[in-house]
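The block underneath contains the structure these notes are about, expressed in structure tokens.
Remember, predicted model here, so these are calculated numbers, not experimental data.
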Amino acid sequence: MSRQILTLQLDGLTAGDYLAHVSDPEPPALGSGLRSIDVRADALGGSVEATLDWAGPAPAARAAAQAAGLPLVAEVLAVEARTVPAEPVPAAPVRAREHRPRRERRPGRIAAFADRFAARLTARPRPAAAGPLVVRWA
């Protein structure tokens, strides 16, 4: 498994427009050789950075961009690639689960909880400003 970081330099097109209108939401290589894609960009910036996890060795920069659904249109000035060692994922510990008998619940209790939860969600303020644009495919 290898990890590759692609940087696409754009000219005349913002990173937000590139990701919204040009990039492919379902990359052709995802699931076959490409395991996951993590795309980061400032919406008004001039570059897009994509971290690609490959099942085997990573291809060349241009081929990797095409396979990841990041086409090389006329506004893409340069494509740079760096290969970094992939971080091993630690195995989750397996724990034995205790058997607990289910306790009886009153019928209206769950409905009341759902009503209180819905009321709290509608009262929450929405965030005013959005942070950097992050798109993940896996």
Side-chain angles (χ1 to χ4, degrees):
M1 185 167 134
S2 62
R3 178 170 287 170
Q4 184 179 38
I5 300 175
L6 289 178
T7 305
L8 283 74
Q9 297 297 327
L10 305 172
D11 183 35
L13 185 66
T14 64
D17 288 339
Y18 177 82
L19 292 174
H21 301 290
V22 179
S23 64
D24 186 1
E26 302 221 4
L30 190 61
S32 56
L34 184 59
R35 298 174 59 103
S36 69
I37 304 169
D38 184 17
V39 179
R40 296 178 187 265
D42 183 18
L44 298 176
S47 66
V48 174
E49 182 178 284
T51 304
L52 311 174
D53 289 326
W54 296 93
R62 291 183 160 290
Q66 293 286 348
L70 302 170
L72 303 177
V73 294
E75 289 82 5
V76 176
L77 293 179
V79 180
E80 299 173 3
R82 292 181 290 137
T83 303
V84 294
E87 300 165 2
V89 178
V94 178
R95 289 185 273 169
R97 191 173 151 188
E98 294 179 22
H99 175 69
R100 295 182 188 175
R102 296 183 81 154
R103 58 184 173 154
E104 295 295 322
R105 296 187 179 175
R106 292 177 284 177
R109 189 172 174 186
I110 294 174
F113 173 78
D115 291 342
R116 284 194 312 268
F117 183 74
R120 275 193 237 145
L121 280 180
T122 57
R124 259 190 205 170
R126 300 217 182 248
L133 181 63
V134 176
V135 181
R136 292 185 179 177
W137 291 288

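Nearest heavy-atom pair across Ala68 and Ile37 is O-CD1, 3.6 Å. The two residues Ala58 and Ser2 have their closest heavy-atom pair at N-OG, 3.2 Å. Across every non-hydrogen atom of Asp42 and Ala15, the tightest pair is O-CB, 3.3 Å. Taking every heavy atom of both residues into account, Leu72 and Gln66 meet most closely at N-NE2, 3.4 Å.
Looking only at side-chain heavy atoms (C-beta outward), Val22 and Val76 stay at 4.5 Å or farther from each other.
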Less than 3.5 Å apart, which donor and acceptor atoms pair up between the side chains of residues 4-12 and the rest of the protein, not counting sequence neighbours?
| from | atom 1 | to | atom 2 | distance (Å) |
| --- | --- | --- | --- | --- |
| Gln4 | OE1 | Trp54 | NE1 | 3.0 |
| Gln4 | NE2 | Pro59 | O | 3.0 |

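Applying the salt bridge (charged side-chain N to carboxylate O under 4.0 Å, His left out) rule to Asp38 yields the partners Arg40, Arg136; only residues at least two apart in sequence or on another chain are considered. Residues forming a side chain to side chain donor-acceptor pair (under 3.5 Å) with Thr51 (at least two apart in sequence, or on another chain): none.
With rounding to the nearest 0.5 Å, the separation of CG in Leu52 from CZ in Arg3 is 10.0 Å.
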*Let me see the working for Leu70 and Val79 under side chain to side chain contact (heavy atoms under 4.5 Å, CB included), right down to the final yes or no.*
CA-CA 10 Å; Leu70 302 170; Val79 180; over 6 Å; no
